[in-house]
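Read the structure below first, then the notes.
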Amino acid sequence: MYRYSEFDTAFLTERNAQFRAQVERRIDGSLTEDEFKPLRLMNGLYLQLHAYMLRVAIPYGTLNPDQMRQLALLAQKWDKGYGHFTTRQNIQYNWPKLNDVPDMLDALAEVGLHAIQTSGNTIRNVTADHFAGAAADEVADPRPYAELLRQWSTDHPEFQFMPRKFKIAITGSENDRAVIKAHDIGLQLVERDGVLGARVLVGGGLGRTPMIGKELSPFVAFDDLLAYLEASVSVWNQIGRRDNKYKARIKITVHEHGIDAIRAKVNERFLQVRPQFKGADMALLEEIKTHFAPPAFRDGSVAVFKDAYHHDPVFRSWVDTNIAAHKQDDHAIVTISLKKQGDTPGDATAEQMRVMADLAEEFAYGELRISHEQNVILPHVHKSDLPAIHARLKEHALATANIGLISDIIACPGMDYCALATARSIPVAQQIASRFEELKLENDIGELKIKISGCINACGHHHVGHIGILGLDRAGVENYQITLGGDGTETAAIGDRTGPGFAYDEIVPAVERLVHAYLDLRVHADETFLQTYRRLGMAPFKAALYPEAQANAA
């Protein structure tokens, strides 16, 4: 993985010193909150419902053990003993004191981490497939290209005060695990005639106006990629709306102008900026690639794994749900669930972070990944080590076998923390997960992705949930709308709204009715909820969701 250079270290040192001085001026009253706000947002510091919140970037979701241990230190020393992993491959600390934040940033810099551009109208943390470099199905590891984009976008002089925030995601596989179609720009690595490049999508996004990205170019060779992205962002920066922040994202610009007009403007701008890229970016890319060489995978028997799999049903259940195929047949990708039923999705204690760091160091060649689904991944594990890893995870409440199942819920912090939220998300997620654990239906249900947002900003990605839940305020009362059929993969779709919302105490029974309807409607046990919904449409699910309306109509 990428290691910071002397330039990187000096840059962070200077940037953190500047912010320390700004914090001191805020504390002594030299800066008002209005004056301080743009300065703190440039450094990832929000003012939330109860306290400040520091959002730390985890570039393309990749960490080493020392970095994970430092994140644990921040949680223990300056917060309440835990951190919250987000859908943008960041970690958030919900309770820091303002005067401690400069020390937190200095501690992050010691291990090559920061909070720059995790807020503000800039290019945010570049995210990537959390199985990058390990997945059996990828064309190439997308992380070197994500690192190139990170360096290009950090403090880019033209892109610090854009119409709104801008998010880029990249995947190296046809199987989209990075939700590229719901980003301002989505990149998919593709190969054409032996040349590696990227398919470029533009104008995706969720929030109050959800849209699926459109293809801007089917193929851009990597020699041209930075210039092409520079042109794309520059065009939007010039013509994007600044009169209304709700219509300022690039998805609205693409919608209002049309993809053909946008493509023509980008191609015109590309011809102007391309001569400025004289090969330094490609030389930098080649240097970056040296940091992402695959580990020296060890050989060895997998007999221990096979024996445990056949004789230990608890271990077998965990393997069946939490293990993915690795490009090395004798290795596996391990997803550690941060979704134990009844817990807060995405939260990890300082102790758990240290345990995961130790496991990565001992068994996973020193690598960890954070997924947009708020879980942690050990990307390279020899199968013979899986029983030992599972045993250690069980000791620390990290062995929940539910990846992709109904309790593996994405949820934003909601009204428990966020000043923008209009309803609670965390308790709803906890209650749904606990209810289906009581019913012992989770494995019978199979793959079912529930995503919950506490307001229309959609930080919980509810629009692309198989079952999406949006919490709103209706005359001072929490009201939860349900959408069905959303999808965040390569077959991405925005979910369909079912009808009137449900009160807080009605939402879990409503989800239960939907699930029971699915179990009755599916043609066989392997037909997923999403497949059943796409086959039958809304009508039978709506009938189950609103039985009183059906009875009245009869």
Main chain of [Y], side chain of [X]: is a donor-acceptor contact present, judged purely on distance under 3.5 Å?
| X | Y | result |
| --- | --- | --- |
| Thr87 | Cys459 | yes |
| Glu367 | Ala360 | no |
| Asn402 | Leu405 | no |
| Gln374 | Ala411 | yes |
| Asn43 | Leu45 | no |
| Gln352 | His396 | yes |
| His50 | Asp416 | yes |
| His114 | Ile116 | yes |
| His183 | Val179 | yes |
| Asp79 | Gly81 | no |

What pairs of residues pass the salt bridge (charged side-chain N to carboxylate O under 4.0 Å, His left out) test when at least one of them lies in [range], not counting sequence neighbours?
| range | value |
| --- | --- |
| residues 509-521 | Arg435-Glu512 |
| residues 521-532 | Asp444-Arg522, Glu527-Arg535 |
| residues 333-342 | Lys339-Asp408 |

Check against side-chain contact (heavy atoms from CB on, under 4.5 Å), Arg242 and Asn237: CA-CA 10 Å; Arg242 296 175 187 266; Asn237 197 28; 2.7 Å; yes

Assess whether atom NZ of Lys245 is packed by more than 12 heavy atoms of other residues, nucleotides or ligands within 6.0 Å. no

Are more than 12 heavy atoms, taken from residues, nucleotides or ligands other than His255, located less than 6.0 Å from that residue's NE2 atom? no

Rounded to the nearest 0.5 Å, what separates atom [atom1] in [X] from atom [atom2] in [Y]?
| X | Y | atom1 | atom2 | value |
| --- | --- | --- | --- | --- |
| Ile170 | Ile180 | CD1 | CD1 | 9.0 Å |
| Arg55 | Ser119 | CZ | OG | 6.5 Å |
| Leu514 | Ile450 | CG | CD1 | 8.5 Å |
| Leu225 | Leu149 | CG | CG | 6.0 Å |
| Arg369 | Leu63 | CZ | CG | 9.5 Å |
| Arg124 | Thr118 | CZ | OG1 | 7.0 Å |

Can you name the residues that form a side-chain contact (heavy atoms from CB on, under 4.5 Å) with [X], not counting sequence neighbours?
| X | result |
| --- | --- |
| Ala401 | Ser317, Trp318, Thr321, Asn322 |
| Leu536 | Leu521, Thr532, Pro540 |
| Pro413 | His84, Gln92, Tyr417 |

Would you indicate whether the side-chain heavy atoms of [Y] and [X] approach each other to under 4.5 Å?
| X | Y | result |
| --- | --- | --- |
| Ile432 | Ile452 | yes |
| Ile445 | Leu519 | yes |
| Cys418 | Leu49 | no |
| Thr422 | Asn479 | no |
| Leu47 | Glu33 | yes |
| Ile370 | His130 | no |

Measure across [X] and [Y] and return the closest heavy-atom pair with its distance rounded to 0.1 Å.
| X | Y | value |
| --- | --- | --- |
| Ala492 | Lys181 | CB-CD, 3.7 Å |
| Leu530 | Gly486 | CD1-O, 3.9 Å |
| Val190 | Pro218 | CG2-O, 4.1 Å |
| Ala248 | Thr253 | O-OG1, 4.5 Å |
| Leu71 | Met353 | C-SD, 3.8 Å |
| Trp236 | Phe166 | CZ3-CD1, 3.4 Å |

Verify the distance criterion only: is there a donor paired with an acceptor across the side chains of [X] and [Y] at less than 3.5 Å?
| X | Y | value |
| --- | --- | --- |
| Ser407 | Glu442 | yes |
| Tyr246 | Thr209 | no |
| Gln430 | Gln341 | no |
| Gln89 | Tyr60 | no |

Ring centre gap for Phe541 and Tyr533 strictly below 6.0 Å: yes

Ring centroid separation for Tyr52 and Trp95, is it under 6.0 angstrom? no

In chain order, what residues pass the side chain to side chain donor-acceptor pair (under 3.5 Å) check against [X], with sequence neighbours excluded?
| X | answer |
| --- | --- |
| Glu478 | Arg424, Tyr480 |
| Tyr228 | none |
| Asp137 | Ser173, Asn175, Arg177 |
| Gln160 | Gln117 |

Hey, is Asp184 close enough to Lys165 for a salt bridge, meaning N to O under 4.0 Å? no

Salt-bridge present (Lys247, Glu256; N to O < 4.0 Å): no

Donor-acceptor pairs under 3.5 Å, side chain of residues 499-507 to any protein atom, not counting sequence neighbours: which ones?
unit_1, atom_1, unit_2, atom_2, d
Tyr504, OH, Gln431, NE2, 2.6
Glu506, OE1, Ala503, N, 3.0

Show me, pair by pair, the donor-acceptor contacts under 3.5 angstrom made by side chains of residues 461-468, not counting sequence neighbours?
unit_1, atom_1, unit_2, atom_2, d
His462, ND1, Ser453, OG, 2.8
His463, NE2, Gly207, O, 2.9
His466, ND1, Lys449, N, 3.1

Check against side-chain contact (heavy atoms from CB on, under 4.5 Å), Ile336 and Asn375: CA-CA 6 Å; Ile336 302 171; Asn375 293 310; over 6 Å; no

Take Glu215 and Arg263 through the salt bridge (charged side-chain N to carboxylate O under 4.0 Å, His left out) test and state the conclusion after the steps. CA-CA 9 Å; Glu215 188 175 86; Arg263 185 182 298 110; 6.0 Å; no

